[in-house]
Amino acid sequence: MDFPWLTTILFFPLLGAALIAGIPGSRKEAIRQSTLAVTVLHFAIALPLWWLYEPGGADFQFVERVPWVDTFGIEYHLGVDGVSVLLALFTVLLMPLAVLGSWRYVDRHVKEFHILMLVLTTGMLGVFFALDLFVFYVFWELMLVPMYFIIGIWGGERRIHAAVKFFLYTFVGGLLMLVGILALYFYHEQVTGTFSTALADLIALDVPGDLQTWLFLGFALAFAIKVPMFPFHTWLPDAHVQAPAAGSVILAAVLLKMGTYGFYRLAMPLFPEASRTFLPVIAVLAVIGILYGAMVALVQPNMKKLVAYSSVSHLGFVMLGLFALTTTAIQGSVIQMINHGISTGALFFICGMLYERRHTYEIERFGGLSATMPAFATLFMIVTLSSIGLPGLNGFIGEFLILVGTFGRYPWLAGIATIGVILAAYYMLRMFGRVMFGPVDREENREVPDLSVREWAVLLPLVALIFWIGVYPRPFLERTEPSVERFVEILEGAPTPAVAEADGAVIVAADDEPVEAGR
Amino acid sequence: MTLAVGPGHYLFLSAILFTIGTVGVLTRRNAIIIFMSIEIMLNAANLAFVTFAAAIGDLAGFVMVLLVIAVAAAEAAVGLAIIVAMFRHRQTVDVGAFNVMRG
Amino acid sequence: MENLLWVVPALPLVGVAFNGLLGRRAGKGVVAFVGPGVVGAAFAVAIALFVHLVGLPAGERELHQTVYEWLVGGGFGAPVAFLVDPLSMTMVLVVTGVGFLIHVYSVGYMHDEDERGFARYFTYLNLFTFAMLLLVMADNFLLMFVGWEGVGLCSYLLIGFWFADRDNAEAGKKAFIVNRIGDFGFLIGIFLVFSTFGSVAFADVLPAAGAALTVGGTLAFWIALFLFLGAVGKSAQIPLYVWLPDAMAGPTPVSALIHAATMVTAGVYMVARLHPIYQMAPSALAIVAGIGAATALFAATIGLVQNDIKKVLAYSTISQLGYMFLGVGVAAFTAGIFHLVTHAFFKALLFLGAGSVIHALHGQQDMRYMGGLKSGMPITYWTMLAATLAISGIPPFAGFFSKDDILWRTWDAGHPLLWAIGFVTAGLTAVYMFRLFFLTFHGKFRGTDEQAEHVHESPPSMAVPLAVLGVLSLIGGWIGIPAALGDPLGGLGNAFEGWLAPVFERGEVAGELHPAVPPIEYGLMAASVAIATLGLLAAWWLYVRNQRLPEELSLRFRAAYTVLRNKYWIDEAYTLFVVRPFNALSAFAWRVVDDGLIDGLAVMGTGRLVRFGSGVASRWETGYVPGYVLVFFGGALAILAYYLLG
Amino acid sequence: MSPIDQLLELHAMSRPAAFAVLPALVLVVFAIVTLLADLLELGSSRGPAEGQAGPTIMAPWLAMTGTAIAFGAVVWQWLRLEEEAGLYFNGMIALDGFAVFLTGVVVAATLLTLLLTVGYSRRHNVDLAEYYHLILMAAVGMVLLVEAANLVMVFLGLEVMSVSVYILTGFRRTQLRSIEGALKYFVLGAFSTGFFVYGIAMVYGTTGTMDLAEIGTRIATGPPAPLLLAGVGLLVIGFGFKVALVPFHMWSPDVYEGAPTPITGFMATGVKAAGFAAFVRVFLSTFDALADQWVPVLWVLAVLTMLVGNVAAIRQDDVKRMLAYSSIAHAGYLVVAMVAHNALGTAAVLYYLAAYTAMTVGAFGVAVTLSGRGAERTSISRDYAGLGYSEPLLAAAMAVFMFSLTGVPPTAGFVGKFYIISAAVDAGHVPLAVLLVVASVISAYYYLKVVVAMYMTSPSSAGSDAGPTHAHLGALASTAILATVVAVLGMGIFPGEWIDMARASVEGLATAAARLP
């Protein structure tokens, strides 16, 4: 057997957590440094996947498969495709930044915080790696716990309310999904006579329509809450506003992706027929989310809440793309998952940096910071622009692919969703302007220091990614393309040529298979 | 006209006894009377056991009666002890007087 | 040569990187060299390309370069690829040439900034040049859109350059958002194009337009119209022009470069570039022309009564852009582009001249406090005069040829009403421009004594660009002398039309290149010269001769004056009918829908319901033994009843 | 064979017969020894004046030794199960996987209770030999109940257990709450016994036997008589009381609150497990043929129990009371597994009882170690505030128990719930499964309240002037809590072995749909 890459990557943080547990709680600096070392090392260990992953194939790679609960046919079954490998790598990259980002922010119970961060890493990676529904569910719930603590212990004033709401809301969805998993599991047994929770086995099932509908709804609810889709989104603003900086970052950058990833990995391929039935419903909800999230973001007096609602809007795009069922749109959705992670993650880091200086998130309490913090202003601007989808930066890549891919199927919805692009500029620039521009009309804003080296180290990798994906997204897109095509095949039953229905030259990369129109 | 007393009558009596016992528990608040009512319920069951055992011709029913009587005696011992302890705390054996714990 | 196309946009990008990363440490001297230097170098390369292009046979003047595959997903693909043909070459020359002059001018204009601000300024300005070059050199819709949004970004950044003043920042934001509304249309246009043609490359789409679309078809109409919405936003046409007057908050060279010479003309360029699509949609073209004409007149009327020197120029720009759209709207693409070029010269000059004046007066922009500056700033005075004559359409200045071309083509295309509007506007243009000119340079100085003492001519870095542009305002039009006027320069003829012919040959009916000159063309030409002269004289009468007359007029026509002074209250109407309701709706969505219904009622309401249930459940738990017995008995009774009765 | 001969043979007690009841036998012996040893102690040095019963030294050790040996006996039984399985004592005692598995659970619960109670008894002056004796006797009752193969034995086991626990509840007799708890438990318990016995009488009357297997075969033929149904109903009521199903649950919050904390834990686990053992054996095996009759009733009871238990729990601040409602709710989950009425569900009951015992004993263990001298510090909002920082390890353990009770992976509670839901789904009771899910979400709220208090509040913010709570963590209690943590996590992360054991244990039980994954 090959080197168990995924298991190593998956459990390395737990090893690190054990190490951190050995350091006395009073040695805060040592704990921070060790955690940083662990996360950086973790990234170094995981990074080879970027090259080792063969971009050409649609099959899962680095597969590991060991029996776990024999009687139930449950296996410890891991593997990645182009989508999950990218999300996992991004997660691993984010962790050292999150540790750096909370260096000063978290000063109480430092040890517990870092241990939880490491446990959380394992939980998140497990979700991305799981190819067995039981394993998926276990990690799905597992990551809830550390996040709950992170919000509840290191959060703001109403942290308990937010933490409990976060936990309960996600938990309810998760359990309904569990019922769905079990129903599917027994249906599989009825049909084939064997017990299995392996994703591939269950996808191969031909589930009858009625059952599909119900099961899809169960799964979809769990994921829709996590995404969060309108109208299941109200836990998000609370959680974001209350969570500490690093918590918000991870919540936005990775945890929300679990929802969309769940649709991509489970809900849609398992129930293709039901997915198609609910296509319009979800697409409409996604579009409502885009506009509604943007509108509510517009009137927020609190920076973090604004960014939280902007997430509702952005993830609406991702959902719209997924349910457009064209390779182009789904490619866009996948890249947009990462993009949203980058830009919103960075925005929450930025909120955290401001909070460390001024102890508030109220937009009105700032103003004119560009003058006092020019370097910060530049990076903040780049991140803001990434968030509003300026071409040349990463956000545009995703949004454009989503919209152009959706347009072929739902011209009206895509058109309405495009309004979200206008609104994004409106609310983001409004916030940016109020915080960074104008006169410095408050004494306490006069002396805020510019970025420290540590903060540069937090933001630079993200800014680099913003440019990289914006200018040269191919390395990302080519890794996900075969997986996405397979996904579309599963859902459509036959390969679909993206949106290029009409005849005409289709520009694709020279070494790519040209997509044939009208097959 | 002779009154033939059969198993049905015994069972009916047993049911009546059981009902009397139940109603006693339901309506009385004196711990001792409640306890006595429960004894009536148990004896109603005993009567049923005896009736059935005789009707079927099986010994197990009689054995059961003995066991129930023994258990009832044990319960009586414990029950009376509890009632004494109750009385020590509140100088009453009214079960309604004991409701410190609620909710 | 073909492989060097990327160098043109890359040079400004080098400037961005240098100024942005090292500019502050390198110092103003280095930045002052690098910032304009890269644009100058780009101009040089552009000249070389131009020479190369001219050397090619007319039919083969088209250079392509694909740099790399950029955005590929599913069936969609768009490379970073450049296209240089006569049309984009023209734009590249204008952008780099005029851009270079303005960069040089900026060195003087911005010398009061500290190192950080100076470096930031040139970073943005270089970035703008880069984005603008992307826009004009792109060989597909998507890359064009990159440039399109990129210039919008730079516009935002530069309008709000002095961000410490909240109004500037707000103006920048407004510009960006209004532009985004246009970009929305552009995006939808791209989607429609892709879903129709399966590609976004000009090389695939434009030649196929005739086959894929039907003349006057719905699809063609909507594609053209949505794309035009983009142009309306970027080029400040009705109804999205409102950002441009506010954009004057930026430094004046920025107004010259972005909000006069280059960026705002991108819409015109786009319509010209996509003319094969527009020609399939005559009704869309009619809308273009109509909006162009309406905007021209509308903005000119507002320009008549503005006191801020830059505001006048801003409305004048809107008005002139209207002319350009009128031109392309009647399918006179060459004329539209021609006016674009000459306008770049004289409008840039006007802004730079105005900047020079403002610079001399330490920031004073209100013409009511100017006057008599002629003596103190001769270079500014004379170059401004040239530009004013040019914009007013007095021959032989540049504006005359291009504007007249548009008016004639409008007439020729059978739109007398549009022609009339353009004609009237020409007169108004002369009035408000000379009003500006006279108020600024003639009469007595009306500012403070301190200002009067400090009035000075600008330093050479500012004066030289003025001079160069002054010359161009004079002779710039001579490249497009209409056939009606013969060939006074000998051999040049209507060189511009010939130059662009390969691009538009399918657009403008062949043979029209040298049509027989109908007599009426001379009549119209004379008329427009006349009305321009009339306007000039009127301005002179009002603002030099009888200086109290304007006030009396404003009192006599109070209603009209008030309407114009308040710019038809369009901004206020937008605030009242669009912005406020939208914000209110958003607040409603937050407070009522989100906090109230979804979270309050549905989510937390569920919680409250459970809590209420908890209260009920624990109220049953009375602690009272008889009660417990009763419940027990009730349950027992229910079960027994179920078995014995059911 | 004449009755006399039978009697003689019984006395002879061949080795297999003794083997069948070995754990109970060991427990009885040690229960008696505990009392006798106390007499020796009283007679010797430390006997206090006036013939008052004094604190004991030897009793806890004797009791623990006895229980440990009994547990060893259970293991021995398990290992030799294949050879020795069968009915003993004239069909009174069943030695099968089901019995041995649950005997293991109740004996383990007893052992853990003993470990936890030693320090507590000293602090609360209940360290009398009788106390330990009664715990052992209750355990004897439980073992008999688990192994009972005849309604007579069921009754006997139930009563031995119950009477002992009545006394244990009221053991802190100077405390009004303790006595009040005992009173309520006793009155309602005796009342329910009346129903239970009457139920046995009805079953006996209609089938002519009290042998569980025999009843099963007799009712399998022909439609059920009304009296039999009445008997079934009465038995539902009787068992429903013992395992605290709504609406027969009213006693349990008060009794749990009033009883000494270790005893509460014992009741919540041992008593409940033993009660369920008999409940499952009688209904899933004996009354299998009547499933159509009892499934709907239990369906309703399950839903009521889950919802009322969880909903009422969310406003509790007393940790014991909260756990009381929680244990009601868990009884509801277990009934769901019974309603599923398949082998999967039966196995789920076993696994769940083991998991539930581990986490509940653990949770009560934490509560026990927190109770100070004389004062039971059980207020969640005050006494648990900031516990995560004053007692990090103990709080971490408590958090594990709470998450396990909630059903979050990777804990035993999760696997148990997974198991039950799968049984329900497999049986087609999807609505029931969904209701279970809803109930679980409600339960998360109050379990999280404990976690919130421990980690997210501080004593000062909670308005407690007593300062942070500190635990009385002796070696014994620590061992017990550690063992339960290991069990909860172990059964959660590597559930395979346990599931296999549970599965193997139900093979002997006749159930309709014997389809196991």
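Just so we're on the same page: letters track the sequence lines, and every chain starts at 1. These figures come from a predicted structure and were not determined experimentally.
The environment of C/Tyr68 atom OH is dense: over 12 non-hydrogen atoms of other residues, nucleotides or ligands sit within 6.0 angstrom. Counting non-hydrogen atoms of neighbouring residues, nucleotides and ligands closer than 6.0 angstrom, the OH atom of B/Tyr10 reaches no more than 12 such neighbours. For B/Arg29, the CZ atom is densely surrounded, since the number of other residues' heavy atoms within 6.0 Å is greater than 12.
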Quiz prompt | Intermediate values then yes/no, side chain to side chain contact (heavy atoms under 4.5 Å, CB included), B/Phe62 and B/Leu59 | solution = CA-CA 5 Å; B/Phe62 298 119; B/Leu59 274 179; 4.0 Å; yes
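Only the side chain of B/Thr22 comes within less than 4.5 Å of a heavy atom of chain C; its backbone N, CA, C and O stay farther away.
Side-chain contact check for C/Glu149 versus C/Phe186: every heavy-atom pair is 4.5 Å or farther apart. Side-chain atoms of C/Ser155 and C/Phe128, non-hydrogen and from C-beta on, never get closer than 4.5 Å to each other. Side-chain contact between C/Ser195 and C/Phe191 is absent, with no heavy atoms from C-beta onward closer than 4.5 Å. When side chains are defined from C-beta on, C/Leu219 counts as touching C/Ile223, because their heavy atoms get closer than 4.5 Å. For the pair C/Ile190 and C/Phe145, the minimum side-chain heavy-atom distance is below 4.5 Å. Proximity of B/Asn30 to B/Val95: side-chain heavy atoms (C-beta onward) are nowhere separated by under 4.5 Å.
One N or O on the side chain of B/Arg90 and one on the backbone of B/Ala97 form a donor-acceptor pair closer than 3.5 Å. Side-chain atoms of C/Trp222 never come within 3.5 Å of backbone atoms of C/Leu192 as a donor-acceptor pair (strictly under, hydrogens ignored). Checking side-chain atoms of C/Asn566 against main-chain N and O of C/Tyr568 turns up no donor-acceptor pair under 3.5 Å.
Rounded to the nearest 0.5 Å, atoms CZ (C/Phe161) and CG (C/Leu158) are 7.5 Å apart. A distance of 14.5 Å separates OG1 of C/Thr575 from CH2 of C/Trp569, quoted to the nearest 0.5 Å. For the atom pair CG (B/Leu26) and CZ (C/Phe632), the distance works out to 10.5 Å, reported to the nearest 0.5 Å.
Of all residues spanning residues 600-626 of chain C, those with a heavy atom less than 4.5 Å away from chain B's heavy atoms are C/Ser618, C/Glu621, C/Thr622, C/Gly623, C/Tyr624, C/Val625, C/Pro626, arranged by number. Scanning residues 163-185 of chain C against chain B with a 4.5 Å heavy-atom cutoff picks out nothing at all. Residues of residues 63-86 of chain B lying within less than 4.5 angstrom of chain C, judged on heavy atoms, are absent. Among the residues in residues 35-56 of chain B, none has a non-hydrogen atom closer than 4.5 angstrom to a non-hydrogen atom of chain C.
C/Phe76 has its ring centre less than 6.0 Å from the ring centre of C/Phe194.
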